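Taking it in order: structure first as structure tokens, then the write-up.
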There are 2 protein chains.
Amino acid sequence: MKITSSLEYGMRLMAAIAKEDGDAPLSAEKLSREENIPLDYTNQILWKLKSAGVISSRRGSGGGYSLARPPHEITMDRVVIALEGSIFEDVCSKYADAPRECHHQSGCSLSPLWRRLGTLLAEFFSSTTLEDLIRREPATARVEFIPPGRPLPMR
Amino acid sequence: MKITSSLEYGMRLMAAIAKEDGDAPLSAEKLSREENIPLDYTNQILWKLKSAGVISSRRGSGGGYSLARPPHEITMDRVVIALEGSIFEDVCSKYADAPRECHHQSGCSLSPLWRRLGTLLAEFFSSTTLEDLIRREPATARVEFIPPGRPLPMR
DNA sequence: CCTAAACTTGACTAAAACACTCAGGTATCG
DNA sequence: CGATACCTGAGTGTTTTAGTCAAGTTTAGG
């Protein structure tokens, strides 16, 4: 699994804006320079973040971008969805093309796996806030594993 | 985040071979037909799984593929690594290109996030076995979230 | 032995996704 | 009113994905 550049950049931009919180808005040009991201690409990513309502903007001279809400109210799943459309693409519907019996029906071995992974990722990103990200000793959601004890009920 | 077709197919093939465990080996042609995967692509994927030592093969007429070990000893991370090379690509080294200060050094906000996500995914796949997958009431690793309590130490 | 079944291996290719770039437009401040 | 800075859609080169193709080698069974 990979992280796309736009997601990496988007998160860096969010962190940079959050660190400036309260002061004057940050221009795309300054963000681009500081984060070492091509200007046009920066603009595109900022526009997506704005469309998703996670940052706000002010036009004209002296304008720029600032957070739409305080850092602890912004969860990272919003950022992921803003830039990629979803946290985890639905695998089952994508490969449900078999002629007589669908490979992801009730008897399917894989759908529970993908469903769990989707839930896991969704919880990971939704339980991490922007405030967690910009903390000096950063904290993201902590996750504990319970090994799959033999008869383990599905959620 | 997405699941590639080769990973989806690879897992389906593993599950199909596991269900046949003990009987005669399954030929690529039969697997291809049953799982509705193009034959040449099936061959390619089976070859990768074999190279990774997760299945074994017998050549010649009557040959085919079977598991290299019992289902409960095969963890899914082996399958992912066999087909994609790694569980989670290292983001930090990929984007460490800044001129004066690296964006993923000690002061970086993002590296803990990606490190945690990498750990999370690795634990998810390594704690799910092929046996979990082919169970009628399937069980993958259960994951519990502990919301990021305010001063939360990094692992 | 010899032929058909079946795996082995590498090279090739079309299509999609990704990572940008470009070109204009619109609003706001001083 | 003009410079600053956001707004928006369209275009493009590169890489990855998802397969295809072709020419092997090995083995079982008649």
Side-chain angles (χ1 to χ4, degrees), chain A residues 1-13 17 20 24-66 68 80 82-86 89 91 94-95 97, chain B residues 1-13 17 20 24-66 68 80 82-86 89 91 94-95 97:
Chain A
M1 299 192 129
K2 296 173 184 175
I3 297 300
T4 60
S5 70
S6 67
L7 183 55
E8 158 79 11
Y9 292 162
M11 294 220 175
R12 287 220 300 247
L13 292 171
I17 295 168
E20 202 75 8
L26 273 165
S27 73
E29 196 278 330
K30 194 174 181 189
L31 283 166
S32 162
R33 201 157 14 83
E34 283 178 356
E35 294 298 327
N36 205 41
I37 303 168
L39 177 58
D40 285 323
Y41 202 22
T42 304
N43 275 318
Q44 192 180 89
I45 292 165
L46 288 169
W47 177 77
K48 285 183 183 171
L49 292 170
K50 199 214 148 147
S51 300
V54 82
I55 56 176
S56 59
S57 61
R58 225 173 61 200
R59 294 172 102 153
S61 129
Y65 296 91
S66 46
V80 179
L83 297 170
E84 316 225 296
S86 70
E89 193 188 30
V91 190
K94 190 174 177 184
Y95 294 104
D97 52 2
Chain B
M1 297 192 130
K2 297 172 182 174
I3 297 301
T4 60
S5 71
S6 67
L7 183 56
E8 158 80 11
Y9 292 162
M11 293 217 175
R12 287 219 301 247
L13 292 170
I17 295 167
E20 202 75 10
L26 273 165
S27 72
E29 196 278 330
K30 194 174 182 193
L31 283 166
S32 162
R33 200 157 16 81
E34 283 179 356
E35 294 299 325
N36 204 42
I37 303 168
L39 177 58
D40 286 322
Y41 202 23
T42 304
N43 275 318
Q44 194 181 85
I45 292 166
L46 288 169
W47 178 78
K48 284 183 182 172
L49 291 171
K50 201 217 145 142
S51 301
V54 82
I55 56 176
S56 59
S57 61
R58 225 174 61 202
R59 295 171 101 155
S61 125
Y65 296 91
S66 46
V80 179
L83 298 171
E84 316 225 296
S86 71
E89 193 189 31
V91 190
K94 190 175 180 185
Y95 294 103
D97 53 1

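Here is the naming used below: chain letters follow the sequence lines, and residue numbers restart at 1 for every chain. Heavy-atom basis, side chains included; hydrogens, waters and symmetry copies ignored. Please read all numbers here as calculations on a predicted model, not as lab measurements.
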Task: Donor on one side chain, acceptor on other, Thr42(A) and Glu35(A), under 3.5 Å - done: no

Open item on the list: By nearest atom, which of the nucleotides dA5(D), dC20(C), dG29(D) is closest to the Ser61(B) side chain?
Closed with: dG29(D)

TODO: Would you check if Leu83(A) and Ile45(A) make a side-chain contact, meaning some heavy-atom pair closer than 4.5 Å?
DONE: yes

Open item on the list: Output the rounded distance in Å from CE (Met1(A)) to C1' (dT17(D)).
Closed with: 15 Å

TODO: Check every strand shown and say whether Lys30(A) touches a base, only sugar-phosphate, or nothing at a heavy-atom separation below 4.0 Å.
DONE: nothing

- [ ] Rounded off to whole Å, could you give me the CD-to-C1' distance for the Glu89(B) and dT16(D) pair?
- [x] 11 Å

- [ ] Please check the phosphate of dG19(D) (OP1 and OP2 only) for any side-chain N or O of Ser5(B) closer than 4.0 Å.
- [x] yes

- [ ] Might you work through the side-chain contact (heavy atoms from CB on, under 4.5 Å) test for Arg33(A) and Leu39(A), ending with a clear yes or no?
- [x] CA-CA 8 Å; Arg33(A) 201 157 14 83; Leu39(A) 177 58; over 6 Å; no

Task: Residues from residues 43-58 of chain B lying under 4.0 Å of DNA chain D - heavy atoms - done: Gln44(B)

Open item on the list: Strictly distance-based, threshold 3.5 Å: is any side-chain N or O of Ser57(B) a donor or acceptor partner for the main-chain N or O of Gly64(B)?
Closed with: no

Task: Which atom of Arg58(A) lies closest to which atom of Gly62(A), heavy atoms considered - done: NH2-O, 3.4 Å

Open item on the list: Closer than 3.5 angstrom, by distance alone: can the side chain of Ser32(A) be matched with the main-chain N or O of Ala28(A) as a donor-acceptor pair?
Closed with: no

- [ ] Using only heavy-atom distances, decide whether a donor-acceptor pair under 3.5 angstrom links the side-chain of Arg59(A) to the base of dT4(D).
- [x] no

Open item on the list: Please report the distance, rounded to the nearest Å, between CD1 in Ile3(B) and P in dA16(C).
Closed with: 21 Å

TODO: Report yes if at least one side-chain N or O of Lys2(B) is closer than 4.0 Å to OP1 or OP2 of dC18(C); otherwise report no.
DONE: yes

TODO: Quickly work out the Leu83(B) CG to dA18(D) P distance and round it to whole Å.
DONE: 11 Å

Open item on the list: I need the OH-P distance between Tyr41(B) and dT17(D), as an integer number of Å.
Closed with: 9 Å

Task: Nearest-nucleotide 5' precedence on DNA chain C, Leu39(A) against Gly62(A) - done: Leu39(A)

Open item on the list: Tell me the interatomic distance from Leu31(B), atom CG, to dA6(C), atom C1', rounded to whole angstroms.
Closed with: 12 Å

- [ ] Step by step, work out the side-chain contact (heavy atoms from CB on, under 4.5 Å) result for Leu7(B) and Val80(B).
- [x] CA-CA 7 Å; Leu7(B) 183 56; Val80(B) 179; 4.0 Å; yes

TODO: May I ask you to evaluate whether Tyr9(A) reaches the phosphate of dC20(C), defined as a side-chain N or O under 4.0 Å from OP1 or OP2?
DONE: yes

- [ ] Could you please name the option among dG19(D), dC21(D), dT26(D) that lies closest to any side-chain atom of Asp40(B)?
- [x] dC21(D)

Task: Whole-Å gap separating P (dC20(C)) and CG (Leu7(A)) - done: 14 Å

